[in-house]
Enquirer: 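There's a structure below that I have some questions on.
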Amino acid sequence: MTVTQPETSGDVSKNTGKTGRTGKSAGKGPGASAAARRRRFDLRERPELVLVPGVFVVVVVLWEFALRPLGIDEYVLPRPSQIAAALQTQLSDPMFWTHFQVTLQEALVGYVIGVAAALLLGTAISQIRLVERTFMPYIVAFQTVPKVALAPLFVVWFGFGMTSKIVMAAVIAFFPMLVNVVEGLRSADADRIQMLKVFGAGRFQVFRMVRLPSALPFIFAGLDIGIVFAVLGAVVGEFIGAKEGLGYLLLQTNYNFDIAGMFAVLIVLSVVGLLAHMLIRLLQRKIAFWAEENQVIAS
């Protein structure tokens, strides 16, 4: 009969040491290496994740420290640290948020009006030949007019209040939306339309099942461009004549030669446009998820 000898303390310590080393190596096992490979793969597939913040940091650092050696006066081009201080001052001022609310309201209301009008007219133009032949010459002629040049007329017609800025935002947002709606509804596959007609589908069914889904990527492209243009229209209208709004605040900082304050307001406008763009893109990925960006016109 074989008798198993108990482990000695030396053997136990050796086994314990092996176990400890095994535990340490387990922490560096397949899971950790797979996560590292995924991170490397993400960076290879999307280098902009590093390049975008990297370029921002480089530009800000060069801007901050290169102005004085280049002999550029700070009252002409303030340093990023001065702009950050001015932005903090603006954000802590209740009057700034009053101006912000006015501009945001003007842009959103004008955007909704411009988009609704473009959807209705674009659908009619793409579906009814008589409407296209009647209204397209006027639309093309009006499109050639610089929209910014209409701002003084709108101020004269609708006054210095919010109405003139809403009209300006609606007009500027209207045309990119109209172009995308018309092109999108006309981009439907003719074979699919013919197949539905063979099976007895009516005009509304063809529109709902083929034309509208085909137009959705184009519509979202128009929505994306339109929201940025609506903010631009509201600010331009405030430049011409207003008593409040971010455009009015820009003029005030310009009169006071507060260049850092002007940069602060511009940063806020840029953030608003960027957030609106991201929201439209998110909605597009949720609703028109089959669309590819390179298949869509944007103007």
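Since the structure is predicted, the reported quantities are computational estimates derived from the model, not experimental observations.
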Enquirer: So if I apply the side chain to side chain contact (heavy atoms under 4.5 Å, CB included) rule between Glu106 and each of Val102, Val109, Leu108, which one comes out positive?
Expert: Val102
Enquirer: Look at the side chain of Gln88 and the backbone N and O of Ala85, then say whether any donor-acceptor pair between them is shorter than 3.5 Å.
Expert: no
Enquirer: For a 4.5 angstrom cut-off between non-hydrogen side-chain atoms, does Ile113 reach Phe174?
Expert: no
Enquirer: Please say whether more than 12 non-hydrogen atoms of neighbouring residues, nucleotides or ligands are located less than 6.0 Å from CD in Gln252.
Expert: yes
Enquirer: Start with the C-alpha distance between Lys165 and Glu244, add both sets of side-chain angles, then the distance that settles salt bridge (charged side-chain N to carboxylate O under 4.0 Å, His left out), and finish with yes or no.
Expert: CA-CA 11 Å; Lys165 288 72 179 178; Glu244 52 188 354; over 6 Å; no
Enquirer: On the 0 to 90° scale, with breaks at 30° and 60°, tag the Phe175-Phe142 ring pair as parallel, tilted or perpendicular.
Expert: tilted
Enquirer: Quick one: sort the Phe154 and Phe158 rings into parallel, tilted or perpendicular, breaks at 30° and 60°.
Expert: tilted
Enquirer: Hydrophobic clustering (ILVMFWY, side-chain heavy atoms < 4.5 Å, transitive) - are Tyr248 and Phe263 grouped together?
Expert: no
Enquirer: Is it true that Leu269 and Tyr111 fall in one hydrophobic cluster, defined by side-chain heavy atoms closer than 4.5 Å?
Expert: yes
Enquirer: Roughly how far, to the nearest 0.5 Å, is the CE atom of Met136 from the CG atom of Leu121?
Expert: 9.0 Å
Enquirer: For Met95, is there any backbone N or O sitting under 3.5 Å from a side-chain donor or acceptor partner on Asp93?
Expert: yes
Enquirer: For a quick test of reading the model, state the closest non-hydrogen atom pair linking Gly159 to Ser164 and the distance between them.
Expert: O-OG, 2.9 Å
Enquirer: If we only count heavy atoms from C-beta on, is the Thr253 to Gln90 side-chain gap below 4.5 Å?
Expert: yes
Enquirer: To check you understand the geometry: which heavy-atom pair defines the closest contact between Ser214 and Ser187, and what is its length?
Expert: O-OG, 3.8 Å
Enquirer: Where the side chain of Trp63 meets the backbone of Pro78, is there a donor-acceptor pair that is under 3.5 Å apart?
Expert: yes
Enquirer: State, yes or no, whether a side-chain contact exists between Trp157 and Val167 at a heavy-atom distance under 4.5 Å.
Expert: no
Enquirer: For Ala276 and Ile227, which heavy atoms make the closest approach, and how far apart are they?
Expert: CB-CG1, 3.5 Å
Enquirer: Check the pair Thr103, Glu238 against side-chain hydrogen bond (donor to acceptor under 3.5 Å, both in side chains), reporting the backbone distance first and the verdict last.
Expert: CA-CA 8 Å; Thr103 300; Glu238 292 168 353; 2.9 Å; yes
Enquirer: Are any non-hydrogen side-chain atoms of Leu185 and Phe218 less than 4.5 angstrom apart?
Expert: no
Enquirer: Flag the pair Asn254 / Leu250 as yes when at least one side-chain heavy-atom distance between them is below 4.5 Å, and no otherwise.
Expert: no
Enquirer: Regarding Lys243 and the six-membered ring of Phe160, is the cationic atom NZ or CZ under 6.0 Å from the ring centre and inside 45° of its axis?
Expert: no
Enquirer: For a quick check under 3.5 Å, do Ser81 and Glu64 share a side-chain donor-acceptor pair by atom type?
Expert: yes
Enquirer: Going hydrophobic residue to hydrophobic residue with side-chain gaps under 4.5 angstrom, can you get from Val268 over to Val228?
Expert: yes
Enquirer: Specify the closest pair of heavy atoms between Leu91 and Trp97, including all atoms of both residues, with the distance to one decimal.
Expert: O-NE1, 2.8 Å
Enquirer: In terms of hydrophobic clustering (I, L, V, M, F, W, Y; side-chain heavy atoms under 4.5 Å; direct or indirect links), are Val171 and Val148 co-clustered?
Expert: yes
Enquirer: Any side-chain heavy atom of Leu282 sitting closer than 4.5 Å to one from Lys286?
Expert: yes
Enquirer: When you compare the side chain of Leu178 with that of Ile139, does any pair of heavy atoms fall below 4.5 Å?
Expert: yes
Enquirer: Can you tell me how far CD1 of Ile172 sits from CD1 of Ile225, rounded to the nearest 0.5 angstrom?
Expert: 13.0 Å
Enquirer: So how far is it from Asp224 CG to Gln284 CD, rounded to the nearest 0.5 Å?
Expert: 7.5 Å
Enquirer: Just by distance, do the side chain of Thr134 and the backbone of Val131 share a donor-acceptor pair under 3.5 Å?
Expert: no
Enquirer: Does one hydrophobic cluster hold both Tyr138 and Leu130, with members joined at side-chain heavy-atom distances below 4.5 Å?
Expert: no
Enquirer: The test is side-chain contact (heavy atoms from CB on, under 4.5 Å); show your working for Ile219 and Met177 and say whether it passes.
Expert: CA-CA 7 Å; Ile219 291 174; Met177 188 67 194; 3.4 Å; yes
Enquirer: Ignoring hydrogens, what is the shortest heavy-atom contact between Ala234 and Ala107? Give both atom names and the distance.
Expert: CB-N, 4.1 Å
Enquirer: Could you give the distance from CG (Asp258) to CD (Gln82), rounded to the nearest 0.5 Å?
Expert: 10.0 Å
Enquirer: Search all heavy atoms of Pro176 against all heavy atoms of Asn180 and return the closest pair with its distance.
Expert: O-ND2, 2.7 Å
Enquirer: What's the spacing between Glu132 CD and Arg129 CZ if we round to 0.5 Å?
Expert: 5.5 Å
Enquirer: Does Arg186 reach the side chain of Ile125, with side-chain heavy atoms less than 4.5 Å apart?
Expert: yes
